[in-house]
Amino acid sequence: MNRYWRPRLPFFFVLLPILTGCPAMSPLAAIDPSGPIQAWAVPGLERVRPDAPPQDNMPIELYAARGEYESFQVIVAGARGLRGVDLQVSDLSGPNGAVISKDNLTLYREHYVLVDKSSPYKGGTSRPEGTGWYPDALIPFNSSVRPQFAANQVVYGSVPVDVIPGNNQAFWVDIFVPRDAKPGLYKGQYTISSSNGQVKGEVRLNVWNFELPLKPSLQSFAPLWFTRTPAAKIELLRNRIQPGRVQPKQVAELREYGLNLIELGIGAGASYHTCTATPAPSPDEFRQAKEARVGPNSDIPVYDFAFDEVDNCNLGQAMREWGRSMHEAGVLHLATVMPTPELLDDGTGRPAVDVFVLNSEMYEQVKANGMLEAARAKGAKIWYYAALVRGKTPDAPNWQLDYSPMNFRISSGFFAQALGFSGILDWAADHVTKGQDPWQSVSYVEDQVTYQADGLLAYPGDRVGLPGTVVPSMRLKWLRDGAEDYEYVELLKKRPELYAKMAWMVQRLVPGLQTWNRDPAKLEATRREIGKALSGQ
């Protein structure tokens, strides 16, 4: 019996549409529709597990720029269970009659997934948070599936939702601040309604007097393996993560959502599994592939990711040939490989690899041997990726579900700025093992070691009535919020007088790759100080 399945009262037995993350249990539960109801709001960076204790119902205080997403969560619970819970959020009323319409809000029900085996702990102070139910998938309220049981298997819809006695149900709210919003304080309210009654809470949004650009400054690559539709790619782009590989007819539409790079997908067949590479395509082949994607005059940079984790292979000459051919065609060479003297010259004086994508162990190694600065001096860019859990650098940010939310938020934001990463890479956005249902298990196994949700930033939408697209995870939202933090620092850099005064704050948050500050309050305080400065306050 699952430890969250605790029917306590004999009052009313009802069919329970959602067991708040407990899909395998019986649909019968004791719910008293006249029992008490509690609700409270918390920031987006807080993870609220099903058995977390209730908090006071206080106003939620938010700060954001124009063109930015800001999020909060509403948590609801009832000691005797709750029947038919729904959430509404009002328009936000601001200065001099200004209004941010609720049309700019997106509401989600947080779906809980079971972690029955922790991701690895390899020493240090950063460790997984243990087994149990984790909120992660965000089911939008426009899901066409109403929560219900079907053939003893839960169909995961959004609302209205029943909550079993003693459990929490969390909701996520995204607020997009319109680009024409007036600066100042906006107020609104959220309302939780159910058969048990209503609870209201206050929302306070402070809009700063500056704007984030549509096209992210941080570059990224998280390829879709299974759901490669325009809708799925737009979902990633809305969250400031680039899908990378797009079809020619999709480019114009995706530009409107912030597309800032395209990856060709011409592979050399070289990876840590095999140390062989096919001959480099000719410059004409790369040129034709590029023009087929974006045309001859596009301003969107085009990359090719042909070599994956080949540091232990003797492929330097092959990579030089591939890089030189790409460069003649105006294509950039991206590889998950450490810089070496051989890779810093393609034969023309230009680096053979334009973007070195490094995990934490690779970063520490090339920082120590001087190749990190040598690569930067030659004009190469450095990206970060966090696949699996690295034993030699256990306190670097890890992207496993059961590690703290700060691992995601910091890595795409202040961490990237402090350590000079211009992009991030995840090996997949929607990877699941054949036959696996990610709505019930997000385990990824490599070399007989279990990692939780590695390579899974978005869930398939078909199970919640959204076929042909993906449903975001909370981890994707945290990466998005980090990318917006990154943008704050980019805006500071455009105002040298401000940057000179405030750069120390970023370095204080991230003194080093393994010594970053894990306190969400410190991150938010830094963000607000930068926001105030950019807003002229």
Asks: For Lys522 and Glu524, what are the C-alpha separation, side-chain angles and deciding distance, and is it a salt bridge (Lys or Arg N to Asp or Glu O under 4.0 Å)?
Replies: CA-CA 5 Å; Lys522 296 289 179 60; Glu524 181 61 18; over 6 Å; no
Asks: Could you tell me whether Glu46 and Arg409 make a salt bridge, using a distance below 4.0 angstrom between a side-chain N and a carboxylate O?
Replies: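 Salt bridge between Glu46 and Arg409, a charged N being under 4.0 Å from a carboxylate O: no.
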Asks: Apply side-chain hydrogen bond (donor to acceptor under 3.5 Å, both in side chains) to Asn209 and list each qualifying residue two or more places apart in sequence or on a separate chain.
Replies: Arg66
Asks: Mind telling me whether Tyr444 and Tyr451 have parallel, tilted or perpendicular rings, with 30° and 60° as the class edges?
Replies: tilted
Asks: Using a strict 4.0 Å threshold on nitrogen-to-oxygen distance, state whether Arg463 and Asp437 make a salt bridge.
Replies: yes
Asks: With distance as the sole test, does Gln242 use its side chain to make a donor-acceptor pair with the main-chain N or O of Gly258 at under 3.5 Å?
Replies: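 Yes, the answer is positive, given that a donor and an acceptor are paired below the 3.5 Å cut-off.
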Asks: May I ask you to establish whether Arg127 and Tyr121 are in a cation-pi arrangement, using a distance under 6.0 Å from NZ or CZ to the six-membered ring centre and at most 45° from the ring axis?
Replies: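 Geometry flag: set, cation within 6.0 Å and 45°.
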Asks: Over 60° means perpendicular and under 30° means parallel, so classify the ring planes of Tyr190 and Phe72, tilted if in between.
Replies: tilted
Asks: Please check if atom NZ in Lys215 has more than 12 non-hydrogen atoms from other residues, nucleotides or ligands closer than 6.0 Å.
Replies: yes
Asks: Does NZ or CZ of Arg480 fall inside the cone over Trp478's six-membered ring, less than 6.0 Å from its centre and within 45° of the axis?
Replies: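 Here Arg480 fails the 6.0 Å and 45° test against Trp478.
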Asks: Establish, for the pair Arg49 and Tyr134, whether the NZ or CZ atom is under 6.0 angstrom from the six-membered ring centre and no further than 45 degrees off its axis.
Replies: yes
Asks: Counting only heavy atoms not in Lys102 (residues, nucleotides, ligands), do more than 12 fall under 6.0 Å from its NZ?
Replies: no
